[in-house]
Amino acid sequence: MLNIVLFGPPGAGKGTQSEKLIQKYGLTHLSTGDLFRKHLGEGTELGKLARTYMDQGHLVPDEVVIGMVEDKIANSKDSKGFIFDGFPRTTAQAEALGAMLSKNGMRISGMIALEVPHDVLRERIKERGKTSNRVDDQDEEKINTRIKVYLDETLPVAKYYENQGKFKNVNGVGEIEEIFNEISSVIDSY
Ligand code: AMP
């Protein structure tokens with residue numbers, strides 16, 4: 001079973017690559033950002049709570065995210081494995097994910113990090129903001145907050161997997177297909 005953490009700052013291309021990877025490997029895409037946006041669209045209590053953090057570019061509290069991921073895993077019993085996209089974003093989330101998986105006889109195969117310079121990220125997010133309808137994609141200050149939150153709170157998660165010998169980075173600038181091939185060759189080495 002493959003369980004991959006696709007890692008990288010906002011705008012690195014995790015969503016785009018995840019879509020291609022789930023097709024190739026038959027995995028379940030678990031994007032916490034997408035799950036929150038679904039709740040938001042449905043107007044659930046969870047969505048309303050998440051919005052207060054998301055619209056500011058801040059992280060939703062760990063216990064809320066972890067509970068939502070637990071539900072999604074529990075409801076995906078027939079899955080061949082997962083691509084975790086935008087999760088874990090804190091070390092506490094990474095530890096909770098490890099515990100969740102091992103309870104179900106699973107483990108993380110590896111983390112693949114997409115590396116993209118910050119000026120490229122800002123341009124990509126602003127470009128996406130023209131069509132994504134996401135408040136957090138449209139405002140320079142919110143974009144900067146998200147990059148700062150990534151550096152302060154999320155980057156330590158890379159170290160967490162590196163310490164377990166499960167970290168690999170890939171250049172996230174270039175043709176989508178080229179990046180996809182590079183990610184695929186890392187996955188094929190697991
Ligand atoms: P994304 O689509 O992954 O960029 O996520 C959009 C927003 O959802 C983030 O800026 C956070 O506010 C929230 N979010 C998504 N995933 C997480 C997570 N794992 N932990 C905390 N907040 C999250």
Side-chain angles (χ1 to χ4, degrees), residues 3-22 27-73 76 82-101 108 111-116 118 120-161 172 183:
N3 289 302
I4 294 147
V5 176
L6 193 57
F7 190 75
K14 301 186 294 293
T16 304
Q17 293 297 333
S18 292
E19 289 306 326
K20 293 173 70 68
L21 292 167
I22 55 169
L27 302 172
T28 303
H29 185 196
L30 200 160
S31 157
T32 42
D34 285 353
L35 289 174
F36 282 132
R37 281 184 287 276
K38 187 163 181 282
H39 275 280
L40 246 145
E42 290 168 355
T44 68
E45 287 307 312
L46 178 63
K48 285 179 203 159
L49 173 71
R51 164 168 258 157
T52 59
Y53 298 93
M54 292 170 78
D55 282 357
Q56 300 306 317
H58 294 138
L59 294 185
V60 177
D62 283 339
E63 61 277 16
V64 177
V65 187
I66 291 165
M68 184 176 71
V69 171
E70 232 159 3
D71 282 351
K72 175 74 183 174
I73 293 178
S76 312
F82 294 89
I83 301 258
F84 295 98
D85 161 6
F87 178 88
R89 256 178 161 97
T90 63
T91 307
Q93 291 179 16
E95 286 166 352
L97 176 63
M100 249 183 259
L101 292 180
I108 290 295
M111 166 186 269
I112 302 171
L114 290 169
E115 286 203 325
V116 178
H118 292 175
V120 177
L121 295 175
R122 284 195 188 86
E123 286 313 310
R124 282 190 189 174
I125 296 171
K126 274 193 277 181
E127 196 54 38
R128 183 171 72 187
K130 291 180 186 165
T131 53
S132 70
N133 260 334
R134 287 176 54 174
V135 180
D136 61 345
D137 278 349
Q138 290 168 15
D139 177 307
E140 191 102 25
E141 199 182 312
K142 282 170 189 154
I143 296 172
N144 285 335
T145 303
R146 285 162 69 202
I147 294 176
K148 185 171 175 353
V149 166
Y150 168 78
L151 294 173
D152 294 345
E153 301 183 50
T154 303
L155 209 48
V157 180
K159 243 297 99 8
Y160 176 87
Y161 287 105
I183 297 173

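Whatever order the structure lists them in is the order used to number ligands and atoms, beginning at 1.
Contacts between Arg134 and ligand 1, counted as non-hydrogen atom pairs separated by less than 4.0 Å, involve the side chain only.
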### Task
Step by step, work out the side-chain contact (heavy atoms from CB on, under 4.5 Å) result for Asp136 and Thr145.
CA-CA 10 Å; Asp136 61 345; Thr145 303; over 6 Å; no

### Query
For Lys72 and Thr28, what are the C-alpha separation, side-chain angles and deciding distance, and is it a side-chain contact (heavy atoms from CB on, under 4.5 Å)?
CA-CA 10 Å; Lys72 175 74 183 174; Thr28 303; 4.2 Å; yes

### Task
Tell me, with the steps shown, if Asp137 and Arg146 meet salt bridge (charged side-chain N to carboxylate O under 4.0 Å, His left out).
CA-CA 10 Å; Asp137 278 349; Arg146 285 162 69 202; 3.0 Å; yes

### Task
Please report the C-alpha distance between Leu121 and His118 in whole Å, then the side-chain angles of each, then the deciding distance to 0.1 Å, and finally whether the side-chain contact (heavy atoms from CB on, under 4.5 Å) criterion is met.
CA-CA 5 Å; Leu121 295 175; His118 292 175; 3.7 Å; yes

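Residue His58 has at least one N or O atom closer than 3.5 Å to an N or O atom of ligand 1. For ligand 1, one of its N or O atoms has an N or O atom of Gly86 under 3.5 Å away.
Nearest heavy-atom pair across Ser18 and Ile83 is OG-CG2, 3.6 Å.
Near Gln93, with a cut-off below 4.0 Å to any heavy atom, the atoms of ligand 1 are 18 (C), 19 (N), 20 (N), 21 (C). When each atom of ligand 1 is checked for a heavy atom of Arg37 under 4.0 Å away, the hits are 2 (O), 6 (C).
Counting protein heavy atoms only, atom 16 (N) of ligand 1 is closest to Thr32 OG1, 2.7 Å. In this structure, the protein non-hydrogen atom closest to atom 13 (C) of ligand 1 is Met54 CG, 3.7 Å.
Among Arg146, Glu153, Arg89, the residue whose heavy atom lies closest to atom 1 (P) of ligand 1 is Arg89. Distances from atom 21 (C) of ligand 1 to the heavy atoms of Val60, Val157, Ile66 show the closest one on Val60.
Applying the ring-ring contact (aromatic ring centres under 6.0 Å, His included) criterion to Phe36, with sequence neighbours excluded, gives no partner residue.
With respect to the salt-bridge test (charged N to carboxylate O, under 4.0 angstrom), the residues Arg122 and Glu140 do not qualify.
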